[in-house]
Each structure stands twice: as structure tokens, then as C-alpha cells.
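Since the structure comes first, as C-alpha cells, the remarks are kept for the end.
Numbers here are sequence positions counted from 1. When a ligand or atom number is given, it counts from 1 through the structure's own listing order.
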Amino acid sequence: MNGGRLAFAILYYFEVKSMTQDTTIAAIATGNAPGGIGVIRISGSNAISVAEKVFSPMDGSRLSDLEGYRAKYGTVIIDGKGSDNGVALIFRAPKSYTGEDVAEISVHGGMLVVNKTLQAVLDAGAVPAGAGEFTKRAFLNGKMDLTQAESVAELISAQGEEAMRASYSALQGSLSKKINAVLTQLLDTSALMAAWVDYPDEEIPELEEAQLKKTLTHCIHQLSRLLASYNNGQTITNGVDTAIVGRPNVGKSSLMNMLVGKERSIVTQIEGTTRDVIEDSVTLDGIVLHLRDTAGIRDSGDVVESIGIERAYKALEDAELVMAVFDGSEDLNRNDLQLIEKCRGRNAVAVINKSDLKQSIDMDTIQQSFDNVVTVSAKEGLGPEELSACVRDMLGVADFDSTAPMLANARQRQNCQNALDCLTQAMDGVKTGITYDAINVMIDGAADQLLSLTGKKATTEVVNNIFSKFCVGK
Ligand code: GDP
């Protein structure tokens with residue numbers, strides 16, 4: 001009876017449910033640039049009647065007579081005149097992205113046509129959609145939870161394949177499933193404890209302390225694992241700030257070009273060509289590295305070059321990953337030794353370049369100074385695989401499984417941490433023998449945090465904040 005009561009209470013816990021959503025909204029769903037096709041998306045109870053005012057099917061039928069998942073070819077009417085041919089696609093509530101009636105009108109993708117069609121849709125009674133409003137409605141209508149909604153934004157902004165896979169996995173509900181599994185155990189335990197405390201006269205079996213400890217241990221373990229994988233997830237989704245440093249002419253720009261796969265930095269034989277910091281992002285084995293190719297580090301009287309060198313040192317200090325480049329065909333000189341010093345205590349890999357030439361570098365010194373050493377020839381394109389394997393290893397993501405449940409952002413991490421803290425307290429409480437109703441408060445506290453994480457109990461503020469970061473049209 002208590003389990004039922006609790007579940008019932010949770011179902012009606014949705015503060016966010018009170019957010020009104022009775023307007024019909026519209027926005028351009030495709031990018032803000034000319035393309036082959038532009039899509040205007042309309043959602044709300046009047047979506048189909050609004051679409052009907054700007055779109056007439058060629059076969060004389062009416063969009064409002066169309067079943068869901070059906071499309072019609074027809075004329076787009078702007079300012080009362082047929083202005084383009086397009087396709088209207090109809091989704092009927094609740095079988096749509098938002099869970100409402102949805103119409104999508106595809107027109108030719110010139111920005112004028114697309115903007116004019118949107119204006120016609122607005123004139124026909126829709127209002128402009130706010131940032132992320134389609135996805136927000138999908139959330140409010142129970143089509144997805146908050147972790148899935150957030151993964152939509154991440155999928156859009158994903159740069160690396162691993163990040164894309166991880167976001168897709170979250171969209172499929174991998175994190176929700178994991179959180180809900182923990183939540184179910186907590187709620188069951190809480191219900192049992194509440195029943196036993198509230199109705200001592202009924203014949204409700206007392207929860208065995210051993211069973212309680214087992215459940216808490218299991219939940220603590222699950223949440224701890226999620227938290228432990230957070231940093232790796234961040235590395236994968238946000239990319240890694242990487243500095244390429246070394247004295248002039250060792251091949252920093254060539255290395256960057258090899259990694260980026262195009263002539264991004266200027267490669268010349270004149271020392272000091274890269275006067276400032278050049279930035280680019282590259283995907284190395286699925287991980288995004290934000291590369292900074294810096295000015296060659298050497299003693300310089302040139303003012304501009306000196307500023308560049310200072311920035312190179314700054315980039316080195318700020319970087320999460322340092323690629324210290326050395327010329328394998330030359331002996332280490334004073335500038336190389338200075339760089340070795342600067343790399344001490346940093347997450348640095350020594351990249352010994354020019355492996356295609358006869359080698360004369362003192363490898364003993366390099367091996368003693370760096371935990372990670374890779375030999376490459378940027379010119380010949382040799383060694384990128386070894387470098388990427390080494391980088392994955394250094395970042396601790398060598399065995400990263402992008403399909404595993406993963407906390408995707410600081411909000412989710414905080415909720416998870418708070419839940420874990422409550423459960424750790426509860427476990428300490430069990431060990432010290434405090435009363436079950438006090439322990440139950442802690443378990444409920446943990447459940448609350450997990451409900452916030454998935455959005456079943458999230459405040460209006462949190463929800464608005466999440467969707468404000470989306471683009472319009474999503
Ligand atoms: P940076 O000053 O460190 O950025 O060095 P660059 O990338 O501009 O390269 C300096 C010179 O070294 C250029 O002439 C490159 O062609 C040459 N170079 C770069 N990498 C290699 C390599 O792997 N092998 C050989 N033989 N030459 C290279």
C-alpha cells in the first residue's frame with residue numbers, strides 16, 4: 001500500500017507539468033544558411049490547421065484530412081500567392097517528436113523562401129518557438145526525460161564520433177535506465193520501511209538489516225561508478241585542450257597538419273614562422289583535441305616573436321595535454337632541455353619527429369624525462385596511430401565505452417553526487433544503529449536527487465535553464 005502511495009505521489013510530483021503549452025509554435029528547423037531543403041516545423045493543437053493555410057496539396061486534398069505519418073506534395077502559399085512547391089508531413093499527437101500535432105513543411109532551401117514561409121505560418125496563427133521549445137514540449141509531454149533531452153543538444157553539438165555515440169546512447173535512455181534502476185530499489189526500500197514504521201501493528205515483515213545494507217551497497221556502487229566515469233565522459237564530449245610545443249623547426253606545424261589532415265599551419269624552413277598560436281580541432285581516434293600550434297620556443301631578440309614564445313609557454317601551462325616535439329635527427333640543445341623542464345609534472349607526451357632521417361637525439365634523456373614517448377615522421381605521415389593510442393591511454397579513455405551510461409554535465413553530476421552523499425549517510429546510519437525513519441529520510445533524499453536528475457521532479461527554473469541553451473527550431 002505504501003509503495004503504491006509513494007509511486008502515486010511521485011507521478012504527481014511534476015512541478016514542471018504546470019507549465020502551459022497550449023500555443024502552436026513554429027520555427028525553421030534547418031540551419032540558418034542556404035541549402036537544398038529548408039524545413040519549417042509547427043507544433044501544437046492548431047499545427048495542422050495552421051499548415052493548411054499556407055500549404056495546398058496538388059491532389060486537392062486537405063492536410064486536416066490526412067492521417068499521421070503521411071506526406072503531401074503541394075504548393076506553398078506566401079502572401080496569397082503560390083510561391084514554391086514543397087512537401088508537408090503530418091504527425092498526429094501523441095505520435096510525434098513533441099507529443100503534439102506536428103506539421104513539417106519542406107521548401108526549397110533558399111533563406112528568403114524559408115523565412116517567408118515561416119512568416120506565412122506565423123501570420124496563419126502560430127507563434128515563434130523559443131530556444132529548445134520543441135524538445136521542451138517533448139519532455140513535458142513525457143516523450144523523453146531530462147537526460148534524453150540534454151542528449152539531443154549534445155548530439156547536435158557533438159564533434160567527435162565517440163561524443164556522438166555517447167549522446168545517442170543517452171538519447172536511447174541508457175543513463176535514464178541506470179538511474180531508474182537505482183531509483184526503483186530506493187523507492188521499494190523506502191516504501192517498505194515507511195510501511196513498517198507507520199503501521200507497526202500490521203503484519204508487515206521488518207526489513208532485514210542485511211538486506212538493507214546490501215541494497216544500499218549496491219546503489220552506492222552504481223552511483224559511484226557513474227561519478228567515476230564523469231571525467232572521461234567530459235574528456236570525450238568536450239574535447240581536450242592540447243598544446244603542441246617545441247623549438248623552431250622540429251616539425252610542430254607539420255605535426256599539426258598531419259593530425260588535422262590539411263595545410264593549417266605554415267610549414268617553412270625559416271625558423272620562427274609560426275609567430276603566434278594557431279588553433280584547430282582534430283579528431284584523433286574518436287576524441288576531439290583542440291590543438292594549439294605555438295611559436296617555436298627559443299631565445300629571441302625579436303619582440304613579436306618573444307610575445308609568441310611567451311604565449312607558447314602559457315599555452316603549455318594551460319593545456320590538459322602537451323605534445324612536446326623534438327627533432328630526432330638532431331642532438332638535444334638548450335631550448336629542448338628548457339622545454340623538458342617546463343613539461344615536468346604535466347600530462348605531456350614527447351613526440352620525436354623526423355623518424356625518416358638518421359637519428360641522433362639522446363633517447364635516454366627523453367625516456368627519463370617523459371612517461372610517454374612516441375616516434376613519428378610528420379612529413380611522411382608515419383606514427384599517427386601510435387600517437388593516438390598513446391593519447392587515449394594518457395587521457396584514461398583507452399577502454400572508453402561510449403554506449404555505457406554516462407553523466408553528461410555538471411547538473412547531472414551534482415544530482416548524482418548529492419544522492420550518493422545521502423546514501424553514504426544512510427549506510428553510516430545503519431552501521432551506527434540509528435532509527436529506520438531517520439534512515440528513510442536519507443533514502444528519500446537520495447531518491448529526490450535522482451528524480452531531479454531525470455526531470456521527474458525538476459523545478460521550472462532548472463527546466464527553463466536547460467532548454468534555453470538549445471537552438472531555436474530544436
Ligand atoms: P616548426 O617550426 O616546428 O613548426 O616546424 P615545421 O613544421 O615548420 O617544419 C620545419 C621543417 O622541417 C620543414 O622544412 C619541414 O618540411 C621539415 N619537417 C617536418 N617534419 C619532418 C619530418 O618528419 N621529416 C623530415 N625529414 N622533415 C620534416
dist L407:CG -> N232:CG (nearest 0.5 Å) comes out at 12.0 Å
Query raised in the report: Mind checking whether S355 has an N or O less than 3.5 Å away from an N or O of ligand 1?
Result: no
### Task
State whether the shortest distance between N or O atoms of D356 and N or O atoms of ligand 1 falls below 3.5 angstrom.
yes
If you compare G328, G381, S254 by their heavy atoms, the one closest to atom 6 (P) of ligand 1 turns out to be S254
Across all chains, not counting sequence neighbours, the ring pair (Phe, Tyr, Trp, His ring centres under 6.0 Å) partners of F467 are F470
Quiz prompt | G251-ligand 1 polar pair, N/O distance under 3.5 Å | solution = yes
K252 heavy atoms within 4.0 Å reach ligand 1 at atoms 1 (P), 2 (O), 3 (O), 4 (O), 5 (O), 7 (O)
* Asked: Under 3.5 Å, side chain of K143 to main-chain N/O of T135, donor-acceptor pair present?
  -> no
Per-atom filter on ligand 1: closer than 4.0 angstrom to a heavy atom of L357 are 26 (N)
Please tabulate, for side-chain N and O atoms in residues 369-383, each donor-acceptor pair with protein atoms closer than 3.5 Å (sequence neighbours left out).
| residue | atom | partner | partner atom | Å |
| --- | --- | --- | --- | --- |
| S369 | OG | T365 | O | 2.6 |
| S377 | OG | D356 | OD1 | 2.8 |
| S377 | OG | E380 | N | 3.1 |

dist K177:NZ -> L183:CG (nearest 0.5 Å) comes out at 15.5 Å
CD of Q412 to OG of S151, rounded to nearest 0.5 Å, is 8.5 Å
Checking heavy-atom distances from atom 10 (C) of ligand 1 to each of T375, V250, N249, I244, the winner is N249
At a 4.0 Å cut-off, with the gap strictly under it, does some heavy atom of A378 reach an atom of ligand 1?
-> yes
